[in-house]
Every structure is written in structure tokens, then in C-alpha cells.
There are 2 protein chains.
Amino acid sequence: MPPPPPITNTIRRLRFDHGEMTQQQLADRIGMTRQTVAAIEQNKYSPSLEAAFRIAEVFGVEIGEVFQWKAEQTPGS
Amino acid sequence: MPPPPPITNTIRRLRFDHGEMTQQQLADRIGMTRQTVAAIEQNKYSPSLEAAFRIAEVFGVEIGEVFQWKAEQTPGS
DNA sequence: ACATCATGTAAAACATTATTGACATAACGT
DNA sequence: ACGTTATGTCAATAATGTTTTACATGATGT
């Protein structure tokens with residue numbers, strides 16, 4: 001199992017804020033499978049940039065409102 | 001050769017707006033190779049979401065200011 | 001109890017993105 | 001002329017993202 005990417009997302013909340021849109025409905029609108037949506041939503045891996053643009057468009061928000069990037073943790077003293 | 005993705009970018013301009021930063025310098029700052037930066041800059045393919053976040057951070061802008069997404073062209077009438 | 005729907009999950013195949021190493025050219029300074 | 005730097009490009013390989021098929025669970029409705 002690969003380590004989870006340093007990116008989190010709010011897809012789950014956005015889906016329910018938009019009429020309890022199902023994963024299947026979101027998948028249909030962005031041209032992906034339900035499994036891919038589920039994996040992204042659970043942060044198993046981060047999507048391609050194109051997929052991220054499509055998801056943001058469905059919810060009418062910026063990419064930054066869907067995905068949050070944890071900046072590099074400098075290997076600390 | 002795969003078709004170019006429906007995403008354009010302004011990396012070249014951003015580099016030169018930031019002290020004529022070289023592809024190599026940008027690559028170093030985002031932890032990628034020079035060749036990958038060149039390929040993205042020339043729109044050979046679009047980067048991962050994480051790479052996009054890193055590039056935007058280097059230039060201090062939103063992802064949308066680095067990458068522009070051409071919405072789906074509906075197969076026209 | 002049964003059917004249906006939304007979701008979680010897993011393995012294999014496939015597609016795309018990224019790296020490495022190599023060679024090329026143009027621009028610049030000496 | 002020569003060396004250096006920035007960039008373009010290519011082929012092979014590795015790493016990651018996506019699809020497909022399949023089976024599982026909990027919730028809902030009849």
C-alpha cells in the first residue's frame with residue numbers, strides 16, 4: 001500500500017452540500033468510475049490535474065477548495 | 001504521441017517574471033527533473049495534482065493562474 | 001425475507017506521468 | 001575556437017493513476 005499523498009480533499013462534504021450527490025453521479029459527470037471517485041475521496045491517491053479541474057467545476061469552486069496541499073515538511077531539527 | 005491535454009499553462013511566463021528562473025532551478029525547487037518541467041511547460045502532458053500545487057507555490061499564485069483548463073468541447077452541431 | 005442502492009475494497013490489466021541517460025542546438029563569455 | 005549554460009528531444013524504464021470485474025456490508029423500502 002503506497003503512502004497516502006500529502007493532499008487532502010473535501011469531496012465528501014461537497015457532495016452532500018450539493019443535494020447528496022452520490023459517488024456514481026459525480027463519477028458520471030467527470031467521466032470517471034465510481035471506484036476512482038471513492039479512492040480519491042478516501043485519499044488513497046491524488047487525481048490527475050485534469051480530474052481535479054473537472055471535480056472543481058462540478059461543484060463550482062476553485063481547485064483549492066476541493067483539494068488542500070500539505071506543504072513539504074522540512075525534515076526538522 | 002498522445003494528444004496534448006486540454007490544459008494550458010503559463011509556466012514559461014511565470015519563470016521569466018520571477019528573475020528568469022531556469023527550468024533546472026524550478027525543477028530543483030519542486031523536486032522534479034528538468035526534462036519533466038520542460039515537458040509540462042510545452043504541454044506534452046499535464047502534471048500530477050501534487051506537482052501542480054508545488055509549481056503554484058513556487059510562484060506564489062493559485063493553481064488556476066498556472067494552469068488553465070479548456071472545458072469539454074461538446075461534439076458540436 | 002427480499003430487492004435495491006450507496007459505499008468499501010481488492011487484484012489485474014491498462015493508461016498516463018515521471019525519471020534517467022544520452023545527444024543535439026543556440027547563446028554567451030573568454 | 002573553446003567551454004559553459006539553457007533548452008529541446010528521444011528511447012527505455014519506473015512509478016502512479018484509472019478501469020474493469022467482482023464480492024462485501026449497511027441502510028432503505030416492500
Side-chain angles (χ1 to χ4, degrees), chain A residues 1-59 63-64 66-73 75, chain B residues 1-59 63-64 66-73 75:
Chain A
M1 181 174 34
I7 292 181
T8 58
N9 72 83
T10 53
I11 297 177
R12 189 161 211 151
R13 186 171 57 70
L14 286 165
R15 280 199 299 114
F16 282 91
D17 286 354
H18 287 250
E20 307 206 354
M21 181 185 299
T22 67
Q23 292 179 337
Q24 182 67 68
Q25 290 170 333
L26 176 55
D28 289 344
R29 293 188 59 179
I30 64 181
M32 289 188 153
T33 64
R34 163 183 93 72
Q35 286 86 338
T36 300
V37 168
I40 293 169
E41 189 169 305
Q42 294 166 95
N43 209 37
K44 295 261 179 79
Y45 47 75
S46 47
S48 69
L49 181 56
E50 189 172 341
F53 266 115
R54 292 192 143 107
I55 294 170
E57 189 196 40
V58 165
F59 295 124
I63 283 189
V66 185
F67 299 96
Q68 294 79 40
W69 182 58
K70 285 195 287 192
E72 206 70 345
Q73 43 202 6
Chain B
M1 182 172 34
I7 292 181
T8 58
N9 72 84
T10 53
I11 296 177
R12 189 161 212 151
R13 186 171 57 69
L14 286 165
R15 279 199 300 115
F16 282 91
D17 285 354
H18 287 249
E20 308 207 354
M21 180 185 298
T22 67
Q23 292 179 339
Q24 183 66 69
Q25 289 170 334
L26 177 55
D28 289 344
R29 293 190 58 180
I30 65 182
M32 288 189 154
T33 64
R34 165 184 91 72
Q35 287 89 335
T36 301
V37 168
I40 293 170
E41 190 168 304
Q42 293 167 93
N43 210 35
K44 295 262 179 76
Y45 47 74
S46 47
S48 68
L49 180 57
E50 190 173 340
F53 266 115
R54 291 192 144 107
I55 294 170
E57 190 196 39
V58 165
F59 295 124
I63 282 188
V66 185
F67 299 96
Q68 294 78 40
W69 181 59
K70 284 195 289 192
E72 207 71 344
Q73 42 202 7

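Every chain is numbered from 1 and lettered A, B, ... according to where its sequence line falls, protein lines coming before strand lines.
For the contact set between residues 9-25 of chain B and DNA chain D, defined by any heavy atom under 4.0 Å, the members are B:Arg12, B:Arg15, B:Thr22, B:Gln23.
In this structure, CD of A:Glu41 is placed 17 Å from C1' of D:dG17, rounded to the nearest angstrom. At whole-Å resolution of the value, CZ in A:Phe53 and P in D:dG17 are 17 Å apart. Between B:Asn43 atom CG and C:dT17 atom P there is a gap of 10 Å when expressed in whole angstrom units. Taking atom CD of B:Gln42 as the reference point, atom P of D:dA6 lies 17 Å away to the nearest angstrom. One atom, NZ of A:Lys44, and another, P of D:dA15, lie 22 Å apart when rounded to the nearest Å. Regarding B:Arg54, its CZ atom lies at a distance of 18 Å from the P atom of C:dT17, rounded to whole Å.
The minimum heavy-atom distance between B:Ile40 and B:Pro47, with the atom names listed, is CD1-CB, 3.5 Å. The shortest heavy-atom contact between B:Ala27 and B:Arg34 is CB-N, 3.7 Å. Nearest heavy-atom pair, A:Trp69 versus B:Arg54, reported as atom, atom and distance to 0.1 Å: CZ2-CG, 3.5 Å.
Every residue two or more places apart in sequence or in another chain was checked for a side-chain hydrogen bond (donor to acceptor under 3.5 Å, both in side chains) with A:Gln35, and none qualifies.
To the nearest 0.5 Å, the span separating CZ on B:Arg12 from CG on B:Asp17 amounts to 13.0 Å. How far CE of B:Met32 is from CD of B:Glu50: 8.0 Å, rounded to the nearest 0.5 Å.
Across B:Thr10, B:Ile55, B:Thr8, a single residue satisfies side chain to side chain contact (heavy atoms under 4.5 Å, CB included) together with B:Phe67, and that is B:Ile55. Considering B:Met21, B:Glu41, B:Gln23 as possible partners of B:Ile11, the one that fulfils the side chain to side chain contact (heavy atoms under 4.5 Å, CB included) test is B:Glu41.
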Pairs under 3.5 angstrom, nitrogen or oxygen only, protein versus nucleotides 18-22 of chain C, please.
residue : atom : partner : partner atom : Å
C:dA18  : OP1  : B:Ser48 : N            : 2.9
C:dA18  : OP1  : B:Ser48 : OG           : 3.3
C:dT19  : OP2  : B:Thr33 : N            : 3.3
C:dT19  : OP2  : B:Thr33 : OG1          : 3.4
C:dT19  : OP2  : B:Thr36 : OG1          : 2.5
C:dG21  : O6   : B:Gln35 : NE2          : 3.0
C:dA22  : N6   : B:Gln35 : NE2          : 3.4

